[in-house]
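For reference, the structure discussed in these notes is given below.
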Amino acid sequence: IEELGAEKIPCGPNIMGEESIIVVEGRADVLNLLRNGIKNVIAMGGAKPTQTLISICKQKEVLLFVDGDRGGDLNVRKMMDLTRVDFVAKAPEGKEVEELARKEIIMALRKKMKAEDFLKEKTESGITMFLHRLTTSYSTYFNKKYEHSGSVFQGKFKSEHKKDDR
């Protein structure tokens, strides 16, 4: 593992000589990718990407490889606000890049998508995710309050035709 710039950003060997780079969230992610034979990798360098990383990203094709959690999604938005990102790859849901095996890394990288498409997908599924979280949290609240278990919203919707208003 090498360090780049005054901020000493963890990266693979000869990162400046590469045409494309894989940006990951932290040092442990860099180490895992290096162990698995992927050399063109560099870390974001903390919660706020450094000026060195931002300037490198403007010169190269950038694949942002993030954890499969909400933090990963936030890092994608943060990086796209600060610099150019061409592609985004995400670890499987609930997993971190640092804990992936070689096969999982390769599969995640193969599933990369254009950064714009990644953001569009997140935005379009927003209402679906919101409703899912809302019904799940309400079910949890209801079950605790009334000492109930199982699904609150279950079974098919039932309706009955009325002939008059009574």
Side-chain angles (χ1 to χ4, degrees), residues 1-140:
I1 192 165
E2 294 182 6
E3 294 177 335
L4 185 69
E7 303 97 341
K8 298 189 176 186
I9 307 168
C11 63
N14 194 27
I15 196 77
M16 295 307 290
E18 300 287 346
E19 286 181 29
S20 64
I21 58 172
I22 299 173
V23 179
V24 292
E25 294 180 44
R27 181 181 178 82
D29 300 339
V30 172
L31 288 170
N32 191 30
L33 268 65
L34 288 173
R35 264 193 305 268
N36 286 286
I38 299 169
K39 307 289 184 207
N40 60 330
V41 61
I42 186 168
M44 280 177 57
K48 185 178 180 209
T50 63
Q51 279 305 122
T52 303
L53 179 64
I54 291 169
S55 65
I56 291 171
C57 289
K58 290 178 181 174
Q59 303 166 22
K60 301 183 179 294
E61 182 181 83
V62 178
L63 167 65
L64 185 57
F65 189 17
V66 295
D67 295 342
D69 57 12
R70 186 170 178 273
D73 294 340
L74 293 173
N75 281 332
V76 172
R77 290 183 193 279
K78 186 186 319 174
M79 281 292 289
M80 288 188 70
D81 286 344
L82 296 172
T83 190
R84 190 185 60 125
V85 175
D86 299 298
F87 299 98
V88 176
K90 194 170 177 183
E93 194 66 37
K95 286 198 167 190
E96 297 181 5
V97 173
E98 65 195 59
E99 64 188 32
L100 298 179
R102 180 173 174 73
K103 186 176 181 179
E104 292 173 304
I105 292 169
I106 301 301
M107 291 300 291
L109 292 175
R110 282 187 181 157
K111 292 179 183 177
K112 72 181 179 185
M113 57 178 32
K114 289 183 179 176
E116 299 82 27
D117 294 341
F118 180 84
L119 286 180
K120 188 186 298 182
E121 183 179 284
K122 288 291 170 191
T123 306
E124 288 174 357
S125 68
I127 190 69
T128 305
M129 290 302 295
F130 170 75
L131 289 174
H132 173 72
R133 289 183 185 136
L134 177 67
T135 56
T136 302
S137 61
Y138 180 76
S139 296
T140 304

Please evaluate residues Phe87 and Lys114 with respect to the criterion side-chain contact (heavy atoms from CB on, under 4.5 Å), reporting the C-alpha separation (whole Å), side-chain torsions for both, the decisive distance (0.1 Å), and the verdict. CA-CA 4 Å; Phe87 299 98; Lys114 289 183 179 176; 4.0 Å; yes
Val66 vs Leu74, test: side-chain contact (heavy atoms from CB on, under 4.5 Å). Steps then yes/no. CA-CA 10 Å; Val66 295; Leu74 293 173; over 6 Å; no
For residues [X] and [Y], determine if any side-chain heavy atom of one lies less than 4.5 Å from a side-chain heavy atom of the other.
{"X": "Ile21", "Y": "Leu63", "value": "no"}
{"X": "Met79", "Y": "Val23", "value": "yes"}
{"X": "Ile56", "Y": "Thr83", "value": "no"}
{"X": "Leu4", "Y": "Ile15", "value": "yes"}
{"X": "Phe65", "Y": "Ile105", "value": "yes"}
{"X": "Met44", "Y": "Leu53", "value": "yes"}

Measuring from atom [atom1] of [X] to atom [atom2] of [Y], what distance do you get when rounded to the nearest 0.5 angstrom?
{"X": "Lys8", "Y": "Arg27", "atom1": "NZ", "atom2": "CZ", "value": "11.0 Å"}
{"X": "Cys11", "Y": "Ile22", "atom1": "SG", "atom2": "CD1", "value": "13.0 Å"}
{"X": "Glu93", "Y": "Asp67", "atom1": "CD", "atom2": "CG", "value": "11.0 Å"}
{"X": "Glu96", "Y": "Asp29", "atom1": "CD", "atom2": "CG", "value": "7.5 Å"}
{"X": "Asn40", "Y": "Glu61", "atom1": "CG", "atom2": "CD", "value": "10.0 Å"}
{"X": "Thr52", "Y": "Glu7", "atom1": "OG1", "atom2": "CD", "value": "3.0 Å"}

For [X] against [Y], the heavy-atom pair lying closest together:
{"X": "Val97", "Y": "Asn32", "answer": "O-ND2, 2.8 Å"}
{"X": "Ile9", "Y": "Ala43", "answer": "CG2-O, 3.1 Å"}
{"X": "Val30", "Y": "Gly12", "answer": "CG1-N, 4.5 Å"}
{"X": "Pro13", "Y": "Glu2", "answer": "CA-OE2, 3.4 Å"}
{"X": "Ala89", "Y": "Ala108", "answer": "CB-O, 3.6 Å"}

Can you check side-chain contact (heavy atoms from CB on, under 4.5 Å) on Lys39 and Leu34, steps first, answer last? CA-CA 6 Å; Lys39 307 289 184 207; Leu34 288 173; 4.0 Å; yes
In this structure, which one of Lys95, Lys111, Arg110 forms a salt bridge (Lys or Arg N to Asp or Glu O under 4.0 Å) with Glu104?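 Per the salt bridge (Lys or Arg N to Asp or Glu O under 4.0 Å) rule, the option paired with Glu104 is Lys95, out of Lys95, Lys111, Arg110.
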Under 3.5 Å, is there a donor-acceptor pair between the side chain of [X] and the main chain of [Y]?
{"X": "Arg84", "Y": "Val62", "result": "no"}
{"X": "Asp69", "Y": "Gly94", "result": "no"}
{"X": "Lys60", "Y": "Met16", "result": "yes"}

Begin from the C-alpha positions of Val24 and Glu98 and carry the test side-chain contact (heavy atoms from CB on, under 4.5 Å) through to its verdict. CA-CA 9 Å; Val24 292; Glu98 65 195 59; over 6 Å; no
Short side-chain donor-acceptor distance under 3.5 Å, Asn75 and Glu25: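 A pair is found: one side chain offers a donor N or O, the other an acceptor, under 3.5 Å apart.
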